[in-house]
Enquirer: 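Take a look at the following structure, please.
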Amino acid sequence: LHPVSNNYLFIPQDITLLSEYQSTHSLDSIFPINNIGMQTHRDYFVTDIEKECLENRIHDLLDNQISDLELINKYSDLKALKLNKVRSCLISEESSLPGKFVKCLWRPFDFRNLFYEKSLIDRPRAQITEPLLKPNYAILAMRQVALTGSLTHFLVSSLPVIDRALYSNKGAASVFPLYIYPNLISPSIFDSITNNNTGRRANLSPKFVQQVAKAVKLKFLDDGQGDLVKTFGPEDVFYYIYAIFHSPKYRTRYEDFLKRDFPRVPLPSSLALFRELVPLGCHLAQLHLMEVHGPDLAIYPVEGSNVVENLRYVEPSETPSGRVYINNAQYFEGVPPEVWAFQVGGYQVCQKWLKDRKGRTLSYDDLIHYQQIVSALSETIRLMDEVDVVINGHGGWPIQNRAK
């Protein structure tokens, strides 16, 4: 910091990198409709791992035999509500309530039940939440991150997103939906690039789409994916961006900038690069949505109570392969150290998922889900390396500066 002008000074190398990064495109300008995830301010009332537990809470809310005071004593999250008004409203709409039980993204790879009722949610952020109640995808990222070390705050969701999905201490996940549904928001700003019969419009800046089209010399379709020979679509753009965000080199090269503002996206330097990154981004997204699974990895060999009690990790040097113990006797076998340590945002995924279930009995589906998380993270590590190999094969970084 210059002592007189009070402006920051950069050495020439920093100036070059800053100029390179600022010539790219900010995520919030690419996806015009965006906001941070919903803030319920009563997560432990409107969400739950078990749908039946959530249904029981809502049943109590509708029960005239239970007074407002009894409800508040039982559920402290309800204190700030005008319960009389909320309960009357819910009772009058009781026939429509079953449709308000939906799934949401609570934490990375942790999908929970949500009762999506605006009167119970302080900041529902309907503009970005309700498009995710329909067929859709969204990229999750952070505007600012206060931490040291590598930034890992990127994820995808096809479900409504709780604000702390990426980071628990400070800051909320911003949500960038791929599609917007016209009945939820005025579509006028998208008219120039979308005109389809699917009932949805691409939430993509016309300027960015035009620049991508010029860079790859393909025609833009208004929905889905193109053939990448003559056409490309919104989902191709989405997967390209997702692949870029999972480049280890991207994360380290622009680390200082990524912590201070929304991530930025370079244009593809060629159609050949675009064609290779799109399927990698698609595979990563499908893994993180748990639509596909990587190779089988962890096993769960010991029968027992399945209760999560004493969570600990044992290095492969002490066992045939890495083990994640959930109690003194039972464990997942075959969890490599790099998978155990893998972070998405502020969370160590393999640890966080189990830690949030301490004291619970894992069901068969829970056991399978955890094994699939381990598999997905192992495959993610491999694919992230492959993204860098592909980019290096096309000249390496910076990408955009070579775009014609």
Side-chain angles (χ1 to χ4, degrees), residues 49-50 103 105-112 137 152 154-159 165 239 242-243 245-248 276-345 347-358 360-390:
I49 294 172
E50 302 291 342
K103 291 285 187 178
L105 180 67
W106 167 264
R107 298 292 184 265
F109 295 88
D110 195 340
F111 313 121
R112 299 200 179 185
Y137 302 110
T152 60
F154 301 102
L155 196 58
V156 63
S157 181
S158 60
L159 303 171
Y239 296 139
Y242 203 60
F245 287 167
H246 281 82
S247 157
E276 289 195 60
L277 288 182
V278 167
L280 288 174
C282 179
H283 195 179
L284 282 162
Q286 290 174 331
L287 285 168
H288 300 164
L289 295 167
M290 306 208 84
E291 294 176 348
V292 300
H293 309 295
D296 292 336
L297 192 63
I299 60 172
Y300 188 72
V302 180
E303 292 186 4
S305 67
N306 295 343
V307 175
V308 182
E309 295 172 336
N310 304 314
L311 183 61
R312 61 191 176 95
Y313 180 70
V314 178
E315 296 279 350
S317 59
E318 302 176 41
T319 62
S321 59
R323 286 181 182 176
V324 179
Y325 279 85
I326 66 167
N327 53 44
N328 290 334
Q330 293 179 287
Y331 53 86
F332 292 93
E333 175 86 66
V335 183
E338 63 273 19
V339 172
W340 170 249
F342 193 89
Q343 288 199 214
V344 175
Y347 305 110
Q348 185 179 331
V349 178
C350 287
Q351 180 189 61
K352 177 64 176 171
W353 193 90
L354 286 171
K355 188 176 179 181
D356 281 352
R357 285 157 178 77
K358 190 169 183 179
R360 299 182 65 88
T361 301
L362 298 181
S363 67
Y364 174 80
D365 288 342
D366 290 333
L367 298 174
I368 296 297
H369 185 83
Y370 191 79
Q371 290 171 307
Q372 290 171 346
I373 290 174
V374 173
S375 178
L377 295 183
S378 178
E379 186 71 353
T380 294
I381 293 168
R382 184 189 69 79
L383 289 171
M384 288 177 69
D385 289 340
E386 191 171 336
V387 168
D388 270 356
V389 169
V390 166

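Here the structure is a predicted model, which is why all the values come from computation and not from measurement.
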Enquirer: Kindly compute the distance separating OG (Ser158) from CZ (Phe111), expressed to the nearest 0.5 Å.
Expert: 7.0 Å
Enquirer: Could you walk me through whether His283 and Val292 pass the side chain to side chain contact (heavy atoms under 4.5 Å, CB included) test, one step at a time?
Expert: CA-CA 8 Å; His283 195 179; Val292 300; 4.1 Å; yes
Enquirer: In terms of ring plane angle, is the pair His246 and His288 parallel, tilted or perpendicular, where the classes change at 30° and 60°?
Expert: tilted
Enquirer: Can you tell if the side chain of Gln371 reaches within under 4.5 Å of the side chain of Asp296, non-hydrogen atoms only?
Expert: no
Enquirer: If you define the side chain from C-beta out and look only at heavy atoms, does anything of Leu354 sit under 4.5 Å from Leu362?
Expert: yes
Enquirer: Under the side chain to side chain donor-acceptor pair (under 3.5 Å) rule, collect the residues that match up with Tyr239, sequence neighbours excluded.
Expert: none
Enquirer: Enter the distance from Arg112:CZ to Arg107:CZ here, rounded to the nearest 0.5 Å.
Expert: 7.5 Å
Enquirer: Quick check: does any side chain N or O of His369 sit under 3.5 Å from a backbone N or O of Phe109, one acting as donor and the other as acceptor?
Expert: yes
Enquirer: Distance check, rounded to the nearest 0.5 Å: Lys352 atom NZ versus Lys355 atom NZ?
Expert: 6.5 Å
Enquirer: Whether the side chain of Thr361 engages the backbone of Val307 through a donor-acceptor N/O pair (distance < 3.5 Å, no angle test) should be reported.
Expert: no
Enquirer: If you apply the rule side chain to side chain contact (heavy atoms under 4.5 Å, CB included), what do you find for Cys350 with Val324, and how did you get there?
Expert: CA-CA 9 Å; Cys350 287; Val324 179; 5.6 Å; no
Enquirer: Rounded to the nearest 0.5 Å, what separation is found between the CZ atom of Arg382 and the CG atom of Leu284?
Expert: 9.0 Å
Enquirer: Got a sec: does the CD of Glu303 have more than 12 other heavy atoms crowding it under 6.0 Å?
Expert: no
Enquirer: For the atom pair CG (Leu383) and OG (Ser247), what is the distance rounded to the nearest 0.5 Å?
Expert: 13.0 Å
Enquirer: Would you list the atom pairs, donor with acceptor, under 3.5 Å between side chains in residues 328-339 and any protein atom, with sequence neighbours excluded?
Expert:
from, atom 1, to, atom 2, distance (Å)
Asn328, OD1, Asn310, ND2, 3.2
Gln330, OE1, Ser305, N, 3.3
Gln330, OE1, Asn306, N, 2.7
Gln330, OE1, Asn327, ND2, 3.1
Gln330, NE2, Tyr300, OH, 3.1
Gln330, NE2, Val302, O, 3.0
Gln330, NE2, Asn306, OD1, 2.7
Glu333, OE1, Arg323, NE, 2.7
Glu333, OE1, Arg323, NH2, 3.2
Glu333, OE2, Ser321, N, 3.4
Glu333, OE2, Ser321, OG, 2.6

Enquirer: Quick check: closest heavy atoms across Gln343 and Gly345, and the distance to 0.1 Å?
Expert: NE2-O, 3.3 Å
Enquirer: Is the shortest heavy-atom distance from the side chain of Asp110 to the side chain of Arg357 under 4.5 Å?
Expert: yes
Enquirer: Report the distance from atom CD of Gln348 to atom OH of Tyr313, rounding to the nearest 0.5 Å.
Expert: 10.0 Å
Enquirer: Any sub-3.5 Å donor-acceptor pair from Gln351's side-chain atoms to Trp340's backbone N or O?
Expert: no
Enquirer: If you compare all heavy atoms of Ala285 against all heavy atoms of Val156, which two are closest, and at what distance to 0.1 Å?
Expert: O-CG1, 3.7 Å
Enquirer: Would you say Ser375's side chain and Pro295's backbone share a donor-acceptor pair under 3.5 angstrom?
Expert: yes
Enquirer: Classify the ring geometry between Tyr370 and Trp353 as parallel (under 30°), tilted (30 to 60°) or perpendicular (over 60°).
Expert: tilted
